[in-house]
Amino acid sequence: MRWWQQTRCLTIARPTFMIDETHHALLKTAAESPDQLIARPVGLNTRAAKALFAKLRKTALAVEVVVIEDEPHWHSDERGPIGLRLTSAGRESLGFRPDVSSPAASPPVADATLGGAETKPRSGTKQALIIAMLWRDEGATLADLMAATGWLAHSTRAALTGLRKRGMIPTKGCDAEGRTVYRLTDDAATEAR
């Protein structure tokens, strides 16, 4: 068979996605398992696994979940091992019943890119550094934030705007020298809610 003959169209509620036979078998195996977890193929290198992981998440056939050590997982981060669970749309596209109640099902991982309020940044990032500087009693000037991150003024201001989207509202004030100082306080956090 040629490569173009080995693909299938999986139709879900939104658009149609092309999944090859290998990926179809992977999804079908997950649909038949009680935990609905998609196992990472053996021998798949890190780059290919990362691409497949992203493709399956993007197609809405699978959702990212935190799993325990002995369950199939694709990678690990500060939350622990991360796996992929087949969604009901994924099951339905394979011809299985969409509603499966799994008693040990892990809840989906909250995605920080969806704009959820008050999501914590990863430790050691520039975003975490900005937040830590703003929580100080003396706050931080734009120049302080720029020096700490190495960003230009427009990027630093954009980061401050991004904090608003996360539910944290920086307050502006003046220091003894008349410079604008940004701060995060508990009062500002409650105003955002």
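Both backbone and side-chain heavy atoms feed into the values below; hydrogens, waters and symmetry mates do not. Numbering starts at 1 and runs along the sequence shown.
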Can you check side-chain contact (heavy atoms from CB on, under 4.5 Å) on Leu44 and Leu52, steps first, answer last? CA-CA 10 Å; Leu44 193 63; Leu52 178 57; 4.1 Å; yes
For Ala128 and Gly124 the tightest heavy-atom approach is CB-N, 4.3 Å
Separation between CG (Leu134) and CE (Met168), nearest 0.5 Å, reads 9.5 Å
Heavy-atom closest pair (Ser76 atom, Pro81 atom, distance to 0.1 Å) is OG-CA, 3.6 Å
Smallest heavy-atom separation, Leu86 atom then Ala30 atom, equals CD2-C, 4.3 Å
Next on the checklist: Measuring only between side-chain heavy atoms, which start at C-beta, is Thr141 closer than 4.5 Å to Asp144?
Outcome noted: yes
Q.
Using only atom types and a distance under 3.5 Å, with no angle test, would you say the side chain of Thr156 pairs donor to acceptor with the backbone of Leu152?
A. yes
dist Arg183:CZ -> Met133:CE (nearest 0.5 Å) comes out at 12.5 Å
Q) Does atom NZ of Lys28 have more than 12 heavy-atom neighbours, drawn from other residues, nucleotides or ligands, at distances under 6.0 Å? A) no
Between Val181 and Glu138, the two heavy atoms sitting closest are CG1-O, 3.1 Å
So Arg85 and Ile38, do their side chains get closer than 4.5 Å, heavy atoms only? no
- Would you check if Thr29 and Leu27 make a side-chain contact, meaning some heavy-atom pair closer than 4.5 Å? no
Taking every heavy atom of Ile169 against every heavy atom of Arg164, the minimum-distance pair comes out as CG2-NH1, 3.3 Å
dist Lys172:NZ -> Tyr182:OH (nearest 0.5 Å) comes out at 4.5 Å
dist Leu160:CG -> Leu142:CG (nearest 0.5 Å) comes out at 7.0 Å
Here the pair of heavy atoms bringing Pro72 nearest to Leu37 is CD-CD1, 3.8 Å
The reported gap from CG in Leu84 to CZ in Arg40 (rounded to nearest 0.5 angstrom) is 11.0 Å
Q.
Can you confirm whether Val66 sits close enough to Ile82 that some side-chain heavy atom of one is under 4.5 Å from a side-chain heavy atom of the other?
A. yes
#### Entry: Ring geometry between Trp74 and Phe53 (parallel below 30°, tilted from 30 to 60°, perpendicular above 60°)
tilted
Test item: Arg157 and Met146 side chains (from C-beta on) under 4.5 Å apart, heavy atoms
no
